[in-house]
Engineer: 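First, the structure itself, so that you have it in front of you.
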Amino acid sequence: MRNFEKSSKLDHVCYDIRGPVMDEANRMISQGMDILKLNIGNPAPFGFQAPQELLDQMNENLSLTEGYSDSKGLLSARQAIVKYSRKKGIENITEEDVYTGNGVSELITLSMQGLLNPGDEILVPSPDYPLWTASVTLAGGNAVHYVCDENADWYPDVQDIKKKISDRTKGIVIINPNNPTGSLYPREILEEIVELARQNGLIIFADEIYDRLVLDELEHVSIASLAPDLLTVTFNGLSKSHLIAGYRCGWMSLCGDKSFAKGYVEGINLLSSMRLCSNVPAQSVIGPALDMEEETKKLLVPGGRVYEQREYIHRALNDIPGITCVRPKAAFYVFPKIDIKKFGIYDDERFVLDFLREKQILLTHGGGFHWERPDHFRIVYLPELEQLKMACSKLGDFLSGYRQA
């Protein structure tokens with residue numbers, strides 16, 4: 001028999017959140033070891049539960065959602081998304097501009113497949129959520145990474161963005177609130193990015209899945225609200241804010257001026273139709289969920305789980321010699337910096353593998369987020385405080401005697 005290899009299209013595609021380190025963790029689990037998984041933002045395994053009202057609503061709708069919906073989604077769901085968008089200051093949007101998806105992940109890939117030709121470029125942040133780079137690459141494009149500045153609360157470096165725009169650049173990805181850093185971008189930075197997009201005729205791709213998970217009473221500004229004259233493709237969903245990641249319930253909205261992107265919209269419509277529709281029972285709860293924002297806010301104030309766990313992890317990591325981290329303002333991730341000279345670290349994937357094997361705790365190395373230096377890693381701080389305390393204690397103990405070279 002001849003050998004069958006993976007497609008060459010995958011040669012430069014990686015998703016290390018579920019990559020070789022995860023494979024090693026699964027091997028250890030198969031041998032009976034108990035692994036604390038701090039690598040994936042999945043609330044359910046850590047005791048977070050969706051609002052009961054939301055579950056009741058889905059149960060009631062099951063008999064009404066057995067068939068396909070329109071390829072874009074249920075009209076009621078899309079109307080609710082339009083209403084939510086307008087609350088955020090986005091005016092140039094109708095139900096026809098909204099596409100529901102099996103999570104945002106499906107729609108990110110769809111948005112790139114519908115736009116890119118070989119050699120086209122998309123500006124993507126570094127660090128990034130790796131699906132963005134992977135989706136650009138799979139669509140035949142080139143992901144050009146611009147730097148987010150750790151010394152400026154992980155905000156995008158606007159001058160670096162400016163330098164990396166070329167005549168092949170078709171768009172720019174903004175992940176706000178940010179995964180993996182937990183950064184929340186101020187209006188001023190977003191306005192500078194909008195102006196660059198305006199001057200260079202770029203589409204803005206706004207990943208805003210964490211916009212309802214903002215701490216410290218800060219406000220999330222949707223970049224589409226600042227750019228009515230541009231095309232902004234905005235992504236959002238219920239996986240994180242309403243704790244139903246497994247229901248795969250996301251959406252994509254084409255906001256702003258679409259008059260110069262008729263061909264792109266045709267491509268999106270074609271791809272949307274090809275997969276028939278997204279999960280219809282999940283679509284049925286979008287409207288009720290978007291009226292339940294208070295349920296999410298309870299987690300984000302002093303005394304709430306996400307707030308208290310954020311406070312602890314930030315303090316505890318900075319107390320470990322050789323570790324520093326910027327205080328996250330949103331989502332439930334922290335992206336600490338490790339002193340690579342102190343520990344002789346030259347391979348960040350080896351670092352998280354060594355830690356996994358010795359302490360049975362699974363992290364994701366910074367390289368998995370297209371961060372070039374081996375000096376960062378991501379922690380998901382969803383576990384309850386006792387588990388986080390155990391994890392930080394084990395990390396400090398591990399590092400006290402660790403050197404790679």
Side-chain angles (χ1 to χ4, degrees), residues 15 17-18 37-55 57-58 61 65 73-74 77-78 80-81 84-85 88 98-111 128-132 134-135 173 175-180 182 184 205-215 220 222 233-253 275 277-300 304-306 309 328 330-333 364 369 378 380-383:
Y15 190 79
I17 295 173
R18 292 180 184 262
K37 295 179 180 178
L38 304 183
N39 63 316
I40 294 178
N42 186 15
F46 299 110
F48 287 91
Q49 294 184 311
Q52 186 60 45
E53 184 182 346
L54 200 61
L55 304 183
Q57 185 80 37
M58 180 173 282
N61 289 327
T65 54
L74 294 171
R78 290 182 285 136
I81 293 163
Y84 179 76
S85 300
K88 301 207 70 170
V98 177
Y99 302 76
T100 61
N102 296 304
V104 165
S105 300
E106 175 188 50
L107 296 169
I108 288 173
T109 300
L110 189 150
S111 72
D128 70 341
Y129 177 59
L131 181 63
W132 277 106
S135 295
V173 174
I175 305 174
N176 177 42
N178 187 263
N179 174 10
L184 180 71
F205 295 92
D207 185 341
E208 299 183 348
I209 187 74
Y210 297 98
D211 74 331
R212 292 176 298 281
L213 287 167
V214 174
L215 296 147
H220 174 266
S222 182
V233 185
T234 301
F235 301 82
N236 213 316
L238 303 180
S239 291
K240 313 298 184 177
S241 62
H242 289 76
L243 312 173
I244 52 173
Y247 290 10
R248 310 312 300 130
C249 185
W251 60 84
M252 172 177 78
S253 306
R275 49 99 222 222
C277 69
S278 65
N279 182 322
V280 185
Q283 292 180 47
S284 72
V285 300
I286 290 175
L290 290 177
D291 289 331
M292 291 181 190
E293 291 187 61
E294 291 305 316
E295 289 294 321
T296 304
K297 289 178 182 177
K298 292 176 184 177
L299 300 170
L300 307 171
R305 268 193 68 179
V306 174
Q309 289 162 200
F332 33 67
Y333 308 106
T364 307
F369 303 96
R378 189 187 74 168
V380 176
Y381 60 85
L382 284 171

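Remember, predicted model here, so these are calculated numbers, not experimental data.
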Engineer: If we ignore hydrogens and angles and just use 3.5 Å, is the side chain of N102 paired with the main-chain N or O of N279 as donor and acceptor?
Structural biologist: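 The answer is yes, because a donor-acceptor pair under 3.5 Å joins these two groups.
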Engineer: Measure from the side-chain N and O atoms of R78 to the backbone N and O of G73, and report whether any donor-acceptor pair falls under 3.5 Å.
Structural biologist: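 Looks like yes, one N/O pair under 3.5 Å.
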Engineer: Could you tell me if T65 and S284 have a donor-acceptor pair between their side chains, going purely by distance under 3.5 Å?
Structural biologist: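 Not at all, the side chains of S284 and T65 share no donor-acceptor pair under 3.5 Å.
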Engineer: Tell me the closest heavy-atom pair linking T109 and S135, and the distance in Å.
Structural biologist: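 The pair with the smallest heavy-atom distance is OG1-OG, 3.0 Å.
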Engineer: Please report the closest heavy-atom contact between P43 and A245, naming both atoms and the distance.
Structural biologist: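 Residues P43 and A245, closest heavy atoms: CD-CB, 4.4 Å.
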Engineer: Please identify each residue that fulfils salt bridge (Lys or Arg N to Asp or Glu O under 4.0 Å) with D207, with sequence neighbours left out.
Structural biologist: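 Here no residue qualifies.
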Engineer: Once you round to the nearest 0.5 Å, how far does CZ of F205 lie from OG of S111?
Structural biologist: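 Output value for this atom pair is 5.0 Å.
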Engineer: So, E106 and R275, do they make that salt bridge, N to O below 4.0 Å?
Structural biologist: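 So E106 pairs with R275 through a salt bridge.
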Engineer: Measure the CG-CG distance between N179 and D128 for me, rounded to the nearest 0.5 Å.
Structural biologist: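 Spacing of CG (N179) from CG (D128) equals 9.0 Å.
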Engineer: Under the criterion side-chain contact (heavy atoms from CB on, under 4.5 Å), I'd like the reasoning laid out for Y381 against V306: C-alpha separation, chi angles, the key distance, then a yes or no.
Structural biologist: CA-CA 8 Å; Y381 60 85; V306 174; 4.2 Å; yes
Engineer: Both conditions, 6.0 Å and 45 degrees, for the charged tip of R378 above the ring of F369: are they met here?
Structural biologist: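 Judged by the rule, R378 and F369 form no cation-pi pair.
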Engineer: Do V104 and N236 have side chains that approach each other closer than 4.5 Å (heavy atoms only, starting at C-beta)?
Structural biologist: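 No; the side chains remain at least 4.5 Å from each other.
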Engineer: Check whether any side-chain heavy atom of Q49 sits under 4.5 Å from a side-chain heavy atom of L243, and report yes or no.
Structural biologist: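 The answer is no; the side chains never approach within 4.5 Å.
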Engineer: With sequence neighbours left out, write down each residue that passes salt bridge (Lys or Arg N to Asp or Glu O under 4.0 Å) with E208, or none if nothing qualifies.
Structural biologist: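 Applying salt bridge (Lys or Arg N to Asp or Glu O under 4.0 Å) to E208 gives none.
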Engineer: For atom NZ of K37, decide whether the heavy atoms of other residues, nucleotides or ligands shown that lie under 6.0 angstrom number more than 12.
Structural biologist: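 Open.
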Engineer: So, the side chain of Q283 versus the backbone of L74: is there a donor-acceptor pair under 3.5 Å, distance only?
Structural biologist: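 The answer is yes, because a donor-acceptor pair under 3.5 Å joins these two groups.
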Engineer: Tell me if the centroids of the rings in W132 and F235 come within less than 6.0 Å of each other.
Structural biologist: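 Ring-ring flag for W132/F235: true, centres closer than 6.0 Å.
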Engineer: Compute both the distance and the angle, then confirm whether R212 meets the cation-pi test with Y84: under 6.0 Å from the six-membered ring centre, within 45 degrees of the axis.
Structural biologist: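 Yes, R212 and Y84 form such a contact.
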Engineer: Rounded to the nearest 0.5 Å, what separates atom OH in Y333 from atom CD1 in I40?
Structural biologist: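 Output value for this atom pair is 9.0 Å.
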Engineer: Please report the closest heavy-atom contact between M58 and A282, naming both atoms and the distance.
Structural biologist: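 Closest pair (atom of M58, atom of A282, distance): CE-CA, 3.5 Å.
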Engineer: How far does CD1 of I81 sit from CD1 of I286, to the nearest 0.5 angstrom?
Structural biologist: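 It is 4.0 Å, given to the nearest 0.5 Å.
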Engineer: Taking all non-hydrogen atoms of both residues into account, name the closest pair between L238 and A289 and its distance.
Structural biologist: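 Minimum heavy-atom separation between L238 and A289: CD1-CB, 3.7 Å.
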Engineer: Determine whether a donor-acceptor pair (N or O, by modelled atom type, separation under 3.5 Å) exists between the side chain of K240 and the backbone of G41.
Structural biologist: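 Yes; judged by distance alone, with no hydrogens or angles, the pair exists.
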Engineer: Applying side-chain contact (heavy atoms from CB on, under 4.5 Å), run through F46 and R305 and close with a yes or a no.
Structural biologist: CA-CA 11 Å; F46 299 110; R305 268 193 68 179; 4.2 Å; yes
Engineer: Looking only at non-hydrogen atoms, find the nearest pair between L38 and P383 and report the distance.
Structural biologist: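 Heavy atoms only, the tightest pair is CD2-CG, 3.3 Å.
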Engineer: Begin from the C-alpha positions of S278 and T100 and carry the test side-chain hydrogen bond (donor to acceptor under 3.5 Å, both in side chains) through to its verdict.
Structural biologist: CA-CA 6 Å; S278 65; T100 61; 2.8 Å; yes
Engineer: I need the S241 OG to I209 CD1 distance, nearest 0.5 Å.
Structural biologist: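 Taking OG in S241 and CD1 in I209, the distance rounds to 6.5 Å.
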Engineer: How far apart are the C-alpha atoms of V233 and M252, what are their side-chain angles, what is the distance that settles it, and do they pass the side-chain contact (heavy atoms from CB on, under 4.5 Å) test?
Structural biologist: CA-CA 7 Å; V233 185; M252 172 177 78; 3.4 Å; yes
Engineer: Can you name the nearest heavy-atom pair linking L107 to Y99, along with the distance?
Structural biologist: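 Minimum heavy-atom separation between L107 and Y99: CD1-O, 3.7 Å.
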Engineer: Might you work through the side-chain contact (heavy atoms from CB on, under 4.5 Å) test for N61 and Q57, ending with a clear yes or no?
Structural biologist: CA-CA 6 Å; N61 289 327; Q57 185 80 37; 3.7 Å; yes
Engineer: Would a distance-only check, ignoring hydrogens and angles, find a side-chain to backbone donor-acceptor pair under 3.5 Å from N178 to I175?
Structural biologist: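 Yes: the side chain of N178 pairs with the backbone of I175.
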Engineer: Quick check for you: to the nearest 0.5 Å, what is the distance between F332 atom CZ and L215 atom CG?
Structural biologist: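 The CZ atom of F332 sits 11.0 Å away from the CG atom of L215.
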Engineer: Examine distances only and state if a side-chain atom of S253 and a backbone atom of V98 form a donor-acceptor pair shorter than 3.5 Å.
Structural biologist: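 No, S253 side chain to V98 backbone: no donor-acceptor pair under 3.5 Å.
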Engineer: Suppose we screen for side chain to side chain contact (heavy atoms under 4.5 Å, CB included). Which residues come up paired with P177, at least two apart in sequence or across chains?
Structural biologist: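 Partners of P177 by the side chain to side chain contact (heavy atoms under 4.5 Å, CB included) criterion, ordered by chain and then number, come out as L184, Y210, D211, V214, H220, A330.
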